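Here's the structure, in structure tokens; my notes come after.
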Amino acid sequence: MNKSCLILWDKLYFEQKDRTPPNAELLYTQLYLGELGSWSIALRIDTHTITDPFEVIADEVYFPIGEAPHNVLQDGYTFDFMEGRVVIGKCIIIDK
């Protein structure tokens with residue numbers, strides 16, 4: 001079953017940097033899982049449906065690597081959206 005993700009961009013961060021949140025159809029970030037290691041995670045977005053640039057629904061969230069810990073992508077699971085070492089948003093897994 002495909003999972004979706006609500007992305008809540010850090011408005012203060014983007015205002016201080018005089019930037020807008022990412023507006024791309026495919027975004028990647030790192031997911032840090034302690035003993036399970038760190039993993040790339042992909043978020044696919046239909047940019048035509050965005051009404052609030054600081055609250056975006058990713059229509060699909062997934063690990064691009066087969067042996068990743070897919071079981072962590074459960075409803076309500078929250079993780080940081082990272083840009084390098086900086087947290088620029090929060091992501092919450094939701095059922096599609």
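Computed from heavy atoms alone, side chains included, the values below leave out hydrogens, waters and symmetry copies. Worth saying up front: this structure is predicted, and the values here are computed from it rather than measured.
Clustering ILVMFWY residues whenever any of their side-chain heavy atoms sit less than 4.5 angstrom apart, transitively, puts Tyr28 in a cluster other than the one holding Val86. Under the 4.5 Å side-chain heavy-atom criterion for ILVMFWY residues, no single connected hydrophobic cluster contains both Tyr62 and Val72. Under a hydrophobic-cluster definition in which Ile, Leu, Val, Met, Phe, Trp and Tyr are linked whenever side-chain heavy atoms come within less than 4.5 Å, directly or via other members, Trp39 and Val61 are assigned to the same cluster.
Of the charged side-chain nitrogens involved, at least one lies within less than 4.0 Å of a carboxylate oxygen, so that Asp75 and Lys3 count as a salt-bridged pair. Using a 4.0 Å cut-off between charged side-chain N and carboxylate O, Glu83 and Lys17 make no salt bridge.
Atom CD in Glu25 sits 13.5 Å away from atom CG in Leu43 (nearest 0.5 Å). Of the inter-residue distances, the one linking Arg44 atom CZ with Leu26 atom CG reads 5.0 Å to the nearest 0.5 angstrom. With values rounded to the nearest 0.5 angstrom, Ile57 atom CD1 is found 9.0 Å from Ile92 atom CD1. Rounding to the nearest 0.5 angstrom, the gap separating the OG1 atom in Thr20 from the CZ atom in Phe14 is 7.5 Å. Atoms OH and CZ, from Tyr32 and Phe79 in turn, are 12.5 Å apart once rounded to the nearest 0.5 Å. Going from atom CD1 of Ile94 over to atom CG of Leu6 covers 6.0 Å, rounded to the nearest 0.5 Å.
For the pair Pro21 and Pro53, the tightest heavy-atom approach, listed with the atom from each and the gap, is CG-O, 3.3 Å. Residues Leu31 and Phe63 approach most closely at CD2-CZ, 3.6 Å, considering heavy atoms. For the residue pair Asp59 and Ile45, the shortest heavy atom distance occurs at OD2-C, 3.9 Å. Heavy atoms only, all atoms of each residue included: Leu8 and Glu55 are closest at CD2-CG, 3.5 Å. Asp10 and Val87 get closest at one heavy-atom pair: OD2-O, 4.3 Å.
Judged by distance alone, the side chain of Thr29 and the main-chain N or O of Met82 form a donor-acceptor pair under 3.5 Å.
At a cut-off of 3.5 Å, with distance as the only test, a side-chain donor of Gln30 or Ser40 sits close to an acceptor on the other residue.
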